[in-house]
There are 2 protein chains.
Amino acid sequence: MASDTVRDRILAAGQRITPQRDLVAGVLEQAGRPLSAAELYEAVGRSGRGVGRATVFRTLQSLEDAGIVQHVVLPGNQAAYLLCQVAGHHHHLVCRQCGAADDLAEDEVAPFLAALEGGHRFQVDHANFAVYGTCARCTGDRASTTS
Amino acid sequence: MASDTVRDRILAAGQRITPQRDLVAGVLEQAGRPLSAAELYEAVGRSGRGVGRATVFRTLQSLEDAGIVQHVVLPGNQAAYLLCQVAGHHHHLVCRQCGAADDLAEDEVAPFLAALEGGHRFQVDHANFAVYGTCARCTGDRASTTS
DNA sequence: GCCCGTAGTGATACTTAGTATCACTTAAGG
DNA sequence: CCTTAAGTGATACTAAGTATCACTACGGGC
């Protein structure tokens with residue numbers, strides 16, 4: 001099940017607590033890494049009563065609207081959904097080894113965007129970053145290098 | 001039809017010149033903005049002899065492998081394909097007004113990624129940026145502001 | 001210039017992610 | 001409690017992309 005803080009955030013967004021949302025959020029919380037909609041559907045089916053497929057998508061949508069969940073596009077164009085600590089729009093560092101996703105604060109990104117605006121005479125409106133690599137825990141096992 | 005430089009780049013990637021590739025590349029070149037697979041399929045159907053749907057996707061795949069095309073995910077999770085001047089992996093500034101996409105050189109991005117690596121003890125491997133906003137030409141007509 | 005192997009093509013069928021619909025259920029405010 | 005609007009599940013659907021397979025044609029070698 002989802003932690004109380006997640007429930008609070010659902011309520012704060014003006015949405016109802018339902019067993020389905022609780023389950024979906026709970027599975028995401030326990031996973032601690034981005035899950036595809038299919039994985040989620042399956043996981044939710046195993047643990048507890050199960051949730052309709054349509055509801056899984058609706059729930060993800062609601063939670064995303066509420067700023068509790070965000071989705072990233074993994075390499076290979078796979079969408080994956082991910083419980084976020086930080087509310088509001090932000091970005092992620094995704095570890096390809098263990099799948100963990102680290103939140104990226106807006107103020108880490110803002111200076112970069114500002115620089116782009118200057119360099120390109122372009123007014124930035126919205127940005128989506130997906131940064132992949134290897135997290136501190138997984139470094140040491142392997143070393144990868146690409147652009 | 002595609003310009004000679006595009007043909008050269010197809011050859012350079014060890015791929016054959018076919019009327020279909022020529023058409024697809026040509027349409028993308030003329031559009032000068034990212035097109036969805038569906039738009040492309042339709043446009044190719046109008047201009048000239050037409051190309052099978054499967055072939056449109058395969059062609060985009062080949063051209064992407066060859067570094068001639070890249071795809072971006074537009075807001076709303078719409079994939080769009082885009083002819084790139086710059087070869088190799090790079091990023092784009094996409095104008096939401098006119099759809100134009102500006103190439104973003106790797107060395108504009110590298111320092112930012114390096115900073116992230118330091119700040120998060122994370123070894124960056126691959127990154128995908130989608131930056132949306134308003135280009136210089138379109139600024140003046142409207143002013144937008146969001147994260 | 002022609003021949004041949006291999007890369008590429010088109011039609012079609014399929015898969016997978018996500019959306020729409022609609023009758024039914026249930027959370028939660030009074 | 002009771003009401004009602006939000007949420008749910010089943011199902012059908014769409015849209016993007018992939019697989020298959022017989023057929024075609026590019027282009028290197030002669």
Side-chain angles (χ1 to χ4, degrees), chain A residues 1-2 4 6-25 27 34-45 48-66 68-82, chain B residues 1-2 4 6-25 27 34-45 48-66 68-82:
Chain A
M1 308 300 102
D4 285 352
V6 170
R7 288 207 191 86
D8 291 345
R9 290 167 73 192
I10 293 175
L11 288 174
Q15 299 184 345
R16 293 184 181 172
I17 304 282
T18 68
Q20 292 86 347
R21 283 179 187 163
D22 214 27
L23 258 173
V24 169
V27 166
L35 296 179
S36 71
E39 283 176 309
L40 246 167
Y41 176 54
E42 209 209 340
V44 157
R49 59 189 275 189
V51 173
R53 223 178 65 89
T55 301
V56 169
F57 282 104
R58 263 183 310 221
T59 299
L60 288 171
Q61 188 59 58
S62 312
L63 294 178
E64 196 155 4
D65 290 348
I68 298 167
V69 157
Q70 211 164 303
H71 77 273
V72 295
V73 179
L74 301 181
N77 299 321
Q78 265 243 315
Y81 299 82
L82 154 73
Chain B
M1 309 302 104
D4 285 350
V6 170
R7 287 208 192 86
D8 291 345
R9 290 166 73 192
I10 293 175
L11 288 174
Q15 300 184 344
R16 293 183 182 172
I17 304 282
T18 68
Q20 293 84 348
R21 283 178 187 166
D22 214 29
L23 258 172
V24 169
V27 166
L35 297 179
S36 71
E39 282 176 309
L40 247 166
Y41 176 54
E42 208 208 342
V44 157
R49 59 189 274 188
V51 173
R53 222 178 65 91
T55 301
V56 169
F57 282 103
R58 264 184 309 223
T59 300
L60 288 171
Q61 188 60 58
S62 313
L63 294 178
E64 196 156 4
D65 290 347
I68 297 166
V69 157
Q70 212 165 300
H71 77 273
V72 295
V73 179
L74 302 180
N77 298 322
Q78 265 244 315
Y81 299 83
L82 155 73

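Chain naming here is simple, since letters A, B, ... match the order of the sequence lines and numbering starts at 1 in each. Hydrogens, waters and symmetry mates are skipped; everything else that's a heavy atom, side chains included, is used.
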In whole Å, what is the span from the [atom1] atom of [X] to the [atom2] atom of [N]?
{"X": "A:Leu60", "N": "D:dG7", "atom1": "CG", "atom2": "P", "answer": "14 Å"}
{"X": "A:Asp65", "N": "D:dA6", "atom1": "CG", "atom2": "C1'", "answer": "14 Å"}
{"X": "B:Arg49", "N": "C:dG8", "atom1": "CZ", "atom2": "C1'", "answer": "12 Å"}
{"X": "A:Asp22", "N": "C:dA27", "atom1": "CG", "atom2": "C1'", "answer": "13 Å"}
{"X": "A:Phe57", "N": "D:dT11", "atom1": "CZ", "atom2": "C1'", "answer": "15 Å"}
{"X": "A:Arg53", "N": "C:dA20", "atom1": "CZ", "atom2": "P", "answer": "14 Å"}
{"X": "A:Gln61", "N": "C:dA17", "atom1": "CD", "atom2": "C1'", "answer": "13 Å"}
{"X": "A:Gln78", "N": "D:dT18", "atom1": "CD", "atom2": "P", "answer": "12 Å"}

Quick one: which of [options] gets closest to the side chain of [X]?
{"X": "A:Ile17", "options": "D:dG27, C:dG18, C:dA28", "value": "C:dA28"}
{"X": "B:Ala54", "options": "C:dT12, C:dA20, D:dT8", "value": "C:dT12"}
{"X": "A:Pro19", "options": "D:dG17, C:dA27, C:dA17", "value": "C:dA27"}
{"X": "B:Leu11", "options": "C:dG10, D:dG17, D:dG27", "value": "D:dG27"}
{"X": "B:Thr59", "options": "D:dT8, C:dA28, C:dT9", "value": "C:dT9"}

So does [X] get a side-chain nitrogen or oxygen closer than 4.0 Å to the phosphate oxygens (OP1/OP2) of [N]?
{"X": "A:Gln20", "N": "D:dG9", "result": "yes"}
{"X": "A:Thr18", "N": "C:dA27", "result": "no"}
{"X": "A:Arg16", "N": "C:dT26", "result": "no"}
{"X": "B:Tyr41", "N": "C:dG10", "result": "no"}

Do you know the tightest heavy-atom contact between B:Pro34 and B:Val72?
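Smallest heavy-atom distance, with atoms named: CB-CG2, 4.3 Å.
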Quick check: closest heavy atoms across B:Arg16 and B:Ile10, and the distance to 0.1 Å?
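Shortest heavy-atom contact: O-CG2, 3.7 Å.
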Heavy-atom distance under 4.5 Å between the side chains of A:Gln20 and A:Val44, does that happen here?
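Result no, sub-4.5 Å side-chain heavy-atom pair not found.
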Is there a side-chain contact between A:Arg21 and A:Arg7 (heavy atoms, below 4.5 Å)?
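No, every pair of side-chain atoms sits at 4.5 Å or beyond.
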Tell me which of A:Ala38 and A:Gln15 sits closer to the 5' end of DNA chain C, going by the nucleotide each one is nearest to.
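Its nearest nucleotide lies further toward 5', so the answer is A:Ala38.
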Under 3.5 Å donor-acceptor, B:Gln78 side chain and B:Ser36 backbone
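Flag not set: sc B:Gln78 to bb B:Ser36 has no pair under 3.5 Å.
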Polar pair under 3.5 Å, donor/acceptor by atom type, side chain B:Arg21, base C:dG8:
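It does not, because no donor-acceptor pair links the side chain of B:Arg21 to the base of C:dG8 below 3.5 Å.
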Ignoring hydrogens and angles, answer whether the base of C:dG10 and the side-chain atoms of B:Arg58 contain a donor-acceptor pair closer than 3.5 Å.
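When only heavy-atom distances are counted, B:Arg58 does reach the base of C:dG10 through a donor-acceptor pair under 3.5 Å.
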